[in-house]
Amino acid sequence: MSIIEDNKFEASVKGTLITEIPEDLFIPPDALRIILEEFEGPLDLLLYLIKKQNIDIMDIPILPITEQYVEYIKMMESMKFELASDYLVMASTLAEIKSRMLIPHDDEDDEEEDPRASLVRRLLEYQKYKNLSTEIDTISRVDRDTFLASGIIIHFKKKDIEPTIEISQLEEIFKDVLKRADILASHEIHSEPLSVRERMSNILESLTNSEPISFIKFFDVTEGRMGVVVTFLAILELVKDNLVEILQNEPQSIIYLQLKQS
Amino acid sequence: MSNSESNKNIIEAALFASHDPLTLQDLANLFDDKKISKNKIREIIDELNKEYNNRAFEISLVASGYRIQIREGYDQWLSKLNNMPSNRYSKAFLETLVIIAYRQPVTRGDIESIRGVSVNPNIIRGLLEREWIKIVGHKETPGKPELLATTKKFLDYFNLKNLSDLPVIKDEESV
Amino acid sequence: MSNSESNKNIIEAALFASHDPLTLQDLANLFDDKKISKNKIREIIDELNKEYNNRAFEISLVASGYRIQIREGYDQWLSKLNNMPSNRYSKAFLETLVIIAYRQPVTRGDIESIRGVSVNPNIIRGLLEREWIKIVGHKETPGKPELLATTKKFLDYFNLKNLSDLPVIKDEESV
C-alpha cells in the first residue's frame, strides 16, 4: 500500500521505499514522444509502469501507479497526441480502485474481493498475448526467413488463364455494357462529369430495404460510356467500403448486389 | 502435345508455377487420364527433394500443401534485393493476430477487451485482405458481431502445418 | 551468419525468390563486399542452366534481366491447376489498379499509403504480367522506387481511348 504526502508519494516495493517519480520521466521530448507512441493502450502503459519499478503485479501500489499513469497521459495530451478515450476510461478505473482501497477494510470480511483483482486479471491476460505476439514475431516466416521460389509460365494460353470468378465476370459485363453504351453514344449530349459519390449514394439508396438487385440493372446505357464507368467505380467503392456485397450463386449465373449485412 | 515431359517434371513445373501451395489431390488432378496415386506423388516429391539436395530451394509441406521455398540461411543475401515485400508488422497488428489465433473464434469486442483499446479497422482489413483471417460466423449477441478465425494461409506464412504448432501459452507469468 | 552458401546458390536463391527479373548488376550487388564481376555472374548463370538440364525450369534472359521460367510444353499440364496466377480479380487487385490508373505515376509506397495496407507483390506482378501496368521510371527518393503507370492494353481492355475518358474525380473524393 502507499500513502500520499504533499505532492510526493511513497511506495513500498518489495520492501524498498521509492519516494520520487523516477528520473526517466524527464527525458528529451523527442525521445519521450517515441516512447509514448510505442504504447499499445492503457494496459500496455500500466504494464510498462509496473515493470519499470519492478513491482509485483499481484500487489500493485495503486496510488503511485495512478499518479504516474495520470502524469503520462497528461504528457501525451500536452504533446498533442490524439489520446484514445480508452486511456481516460482507465484513469477513472484507477481512481475508482484507489477510492475503494481507501475505504477501511474489515479484515474478517474475506468475501470482499481485492478492488485490484479485476485489473490484475486484465493485465495478466493482456501480458500473455503481448508476450505471444513477440514470440510469433520470431517464428520463421515467409519473406523474412524463408522465401517462396517460383518460375514464370510464359507459354500459357490466354484462354486458360481467363478469370472465372465473379469479379472478372463483373468486368466482362462491364465491357459488354460499355460496348452497348458506345452504340448509344450518339444520343448522348455532353453532360457534366458525373460524380462517383453521387452514384454511390443512389445505389445504396436503391438497395436499402430491397431484395438483392441484379448487377446489370445499375447500368443505364443511355448515360453513355462515362455513366457506365461511374457506376462501375461507384460499385467498387461501395464494395471497398464494405457497404455493399456481391453475390453470385454459381459461376456464370446472375450477379447481384445487396447491402452488406452488418 | 508431346509426352516427353516426365511425371516428375510435370509435378516440378506445377510446384514452381503455382502461387499457392498444392495438395496431393491438386497434383494428382494434373494426371486425370493417367491415374497416379497420391502415394506415388508423395514418392516423387521425396525424390525431387533428394535431387534438390545441392540447390538453394526445397519442397516443404505447410498447412495448405506443398510449395517450393528457399532454404533458411539466405535471408541475409536476399534482403538486399530491393523488390522484397515488407514483412515488418506493428505491435498492434501482431497482438491482434495472436489474439485471433489463440482465442478463435473471436469478435472485435473480445479483442478490444483483451487489448484495452479499440481495434484499428485497418488492421482487421489488412488481415482479411492477406487472407490470414476470415469471418466464420456471427455471434448471437446484440449487433451480431462477426466471429473471426485464422486461415491456412496464416499458417502457411509462418511455415506451420497446423494451429497446434504455435508456441504454447504460458498461463502464469510474472511481469 | 554462415558462409556455407556458395555464390552459385546465392544467385540461384535470388533468381527464384525475386518477383521481378534481375540484371547482372542486381545480382552483383548481392555481394557488395566480395566484388564479383558481372562476367563471373554470367558464368555462374550458364553453369546453373547446365545443371537445370533435366529440370522443368530454366534461367532465361528477358528485356529487364534474368528470371526463372518454366520450359515450354508444360502449359498443357498446368492449365489444369485451378490456382494458376491471375484467375481471379480480388478487391485488392481492382483497388490497386484503380489507384495506379488515377494517380499515375505512383510508387508502391503511394499505393500503400492510400490503401492503408501493404501492397501484395503478387498483385503488382499480376498487373505487370497482364501488361495492364508498366514501370515508367524511378522516383528520385531513397531506394529509387519504381513508378507505375497504366498501359494502352489497360485502356483497350476497358474500351477507353485515353485516360481522360476515365470519369473525373474531384480531389476531395479521389480514389
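In what follows, every chain begins at residue 1, and chains take the letters A, B, ... in the order their sequences are listed. These values consider heavy atoms only, across backbone and side chains, with no hydrogens, waters or symmetry-generated copies.
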[Y] side chain reached by [X] side chain, heavy atoms, under 4.5 Å:
X        : Y        : result
A/Thr146 : B/Tyr74  : no
A/Ser150 : B/Ile68  : no
B/Tyr89  : A/Arg141 : yes
A/Thr138 : B/Pro167 : no

Let me confirm one number: the [atom1]-[atom2] distance from [X] to [Y], rounded to the nearest 0.5 Å.
X        : Y        : atom1 : atom2 : result
B/Ser113 : A/Arg122 : OG    : CZ    : 7.0 Å
A/Leu132 : B/Tyr102 : CG    : OH    : 4.5 Å
A/Phe147 : B/Gln69  : CZ    : CD    : 10.5 Å
A/Asp143 : B/Arg88  : CG    : CZ    : 14.5 Å
A/Ser140 : B/Asp75  : OG    : CG    : 9.0 Å
A/Glu40  : B/Glu95  : CD    : CD    : 5.0 Å

TODO: Please report the C-alpha distance between B/Arg103 and A/Tyr129 in whole Å, then the side-chain angles of each, then the deciding distance to 0.1 Å, and finally whether the side chain to side chain donor-acceptor pair (under 3.5 Å) criterion is met.
DONE: CA-CA 10 Å; B/Arg103 292 282 288 260; A/Tyr129 291 106; 3.1 Å; yes
TODO: Would you name the heavy atoms of B/Val117 and A/Gly41 that are closest together and state the gap between them?
DONE: CG1-CA, 3.3 Å
Task: For the student: nearest non-hydrogen atoms of A/Ile136 and B/Leu166, plus distance - done: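 For A/Ile136 versus B/Leu166, the nearest heavy atoms are CD1-CD2, 4.0 Å.
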Open item on the list: Test your reading of the model: is there a side-chain donor-acceptor pair from B/Lys91 to the backbone of A/Glu38, 3.5 Å cut-off?
Closed with: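 Yes, B/Lys91 side chain to A/Glu38 backbone: donor-acceptor pair under 3.5 Å.
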Task: Under 3.5 Å donor-acceptor, A/Ser133 side chain and B/Leu94 backbone - done: no
Open item on the list: Checking an interface table here. Which of residues 48-67 of chain B come within a heavy-atom distance under 4.5 Å of chain A?
Closed with: B/Phe57, B/Arg67
